[in-house]
Amino acid sequence: MCGRSSLTKTEKEIEARFNATFYSDELERYNPIPNYNVAPTHRCPVITNDDPSKIHIYRWGLIPFWAKDEKIGYKMINARSETVLEKNTFKKPMEKRRCIVPMDGFYEWKRNGKEKIPYRIQTTNVDIFSVAGLWEKWTSKDTGEEIHSFTVLTQPPNEIMSDIHDRMPAILMPEQEKLWLDMSISPEEVLKIIEPYPSDLMKAYRVSSSVGNVRNNSPELIKPVKHNNRSNTNQGNLFD
């Protein structure tokens, strides 16, 4: 599962990384960056297949077009890459509505007995990476409000991740991003590019337990914390 992330870079850094531009009115309305503790229902930057030259701001937690209300989005923050084509909710978006979700880190919690230890995970080859995602547009029958939302794909863990959690986000290599957004490539074919990110291009470190509270959102959350647990001497190569 991937349920918490960060995007702490500036607007200009994100635009330069993806060769795309924000809509200024969306930036002013939602002010999504920097966000040191991105959580489901937050508004986040995404780049869609419809217009890869623009960075939109969508809600995390996919709301299918057929949903009666938006609460279903809480259950749709992730889609498993291995079974995404078996789920009616995700089949059509795989065919028509793919996106990439910029992040500069994500959090996971490692279980140590009854304790859950938070880690922040990053890529080392790029400061901002992207995760494969799917998007939808939902219209409220009661108010007529339109909500654009997304889910992120997950996959089995790589070597680093396996020590901390049994899932990880479907992180794309930079050269794979255009392929994911290319709708001329069938869902079956494009899913073949989803594979665990190379462990030697990732790092992880322990962070404050304050990240567990979604109301906390400050630079302190992404700072490493010291610890004395001998069983975790290699935590620099781990993430939750």
Taking Leu153 as the fixed residue, which of Asn78, Val101, Leu134 is the one that meets the side-chain contact (heavy atoms from CB on, under 4.5 Å) rule?
->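 Exactly one candidate clears the test, Leu134.
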Let me know which of Tyr119, Tyr107, Tyr36 forms a side-chain contact (heavy atoms from CB on, under 4.5 Å) with Val207.
->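 In the set Tyr119, Tyr107, Tyr36, the residue that makes a side-chain contact (heavy atoms from CB on, under 4.5 Å) with Val207 is Tyr107.
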Side chain to side chain, Ile72 and Pro64, heavy atoms closer than 4.5 Å = yes
Just wondering, do Lys178 and Pro52 contact through their side chains at under 4.5 Å, heavy atoms?
->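 No - every pair of side-chain heavy atoms lies 4.5 Å or more apart.
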Criterion side chain to side chain contact (heavy atoms under 4.5 Å, CB included) on Phe65 and Lys92, from CA distance to verdict | CA-CA 11 Å; Phe65 71 91; Lys92 187 59 68 175; 5.7 Å; no
Using side-chain hydrogen bond (donor to acceptor under 3.5 Å, both in side chains) as the criterion, point out the one residue from Arg97, His148, Lys96 that pairs with Glu136.
->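 Checked Arg97, His148, Lys96 against Glu136; only one passes side-chain hydrogen bond (donor to acceptor under 3.5 Å, both in side chains): Arg97.
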With Arg120, the side-chain hydrogen bond (donor to acceptor under 3.5 Å, both in side chains) member among Ser208, Ser5, Ser6 |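 Exactly one option meets the side-chain hydrogen bond (donor to acceptor under 3.5 Å, both in side chains) with Arg120, and it is Ser6.
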ILVMFWY cluster, [X] and [Y] together (side-chain gap under 4.5 Å):
X      : Y      : value
Met76  : Trp135 : no
Ile47  : Phe129 : no
Ile57  : Val131 : no
Val84  : Val46  : no
Ile147 : Tyr58  : no

Minimum heavy-atom separation for [X] and [Y], please, with both atom names.
X      : Y      : value
Ile160 : Met202 : CD1-O, 3.7 Å
Arg4   : Trp60  : N-CH2, 3.7 Å
Cys2   : Thr154 : N-CG2, 4.0 Å
Met168 : Pro156 : CG-O, 3.5 Å
Asp182 : Arg98  : O-NH1, 3.1 Å
Val214 : Ala39  : CG1-CB, 3.8 Å

Please round to the nearest 0.5 Å and tell me the distance separating atom [atom1] of [X] and atom [atom2] of [Y].
X      : Y      : atom1 : atom2 : result
Tyr23  : His56  : OH    : NE2   : 4.5 Å
Leu179 : Ile100 : CG    : CD1   : 11.0 Å
Thr124 : Leu201 : OG1   : CG    : 5.0 Å
Asp25  : Tyr30  : CG    : OH    : 9.0 Å
Arg206 : Lys226 : CZ    : NZ    : 13.5 Å
Asn158 : Tyr197 : CG    : OH    : 10.5 Å

Evaluation steps, salt bridge (Lys or Arg N to Asp or Glu O under 4.0 Å), between Glu26 and Arg29 | CA-CA 5 Å; Glu26 288 192 340; Arg29 190 183 332 149; 5.3 Å; no
With sequence neighbours left out, which residue pairs that include part of residues 80-90 fulfil the side-chain hydrogen bond (donor to acceptor under 3.5 Å, both in side chains) condition?
->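 Sorted pair list: Glu82-Arg167.
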Report yes or no: does [X] contribute a side-chain atom to a donor-acceptor pair with the main-chain N or O of [Y] at less than 3.5 Å?
X      : Y      : answer
Trp180 : Ile194 : no
Glu146 : Lys137 : no
Glu189 : Ser186 : no
Ser140 : Asp142 : yes
Asn37  : Asn213 : yes
Ser149 : Ile63  : yes

Apply side chain to side chain contact (heavy atoms under 4.5 Å, CB included) to Val190 and Ile193, showing your working.
-> CA-CA 6 Å; Val190 80; Ile193 71 173; 4.3 Å; yes
What's the verdict on side chain to side chain contact (heavy atoms under 4.5 Å, CB included) for Phe18 and Ser130, showing C-alpha distance, side-chain angles and the deciding distance?
-> CA-CA 10 Å; Phe18 295 99; Ser130 66; 4.0 Å; yes
Please walk me through it: do Leu181 and Thr48 pass side chain to side chain contact (heavy atoms under 4.5 Å, CB included)?
-> CA-CA 7 Å; Leu181 297 178; Thr48 72; 5.8 Å; no
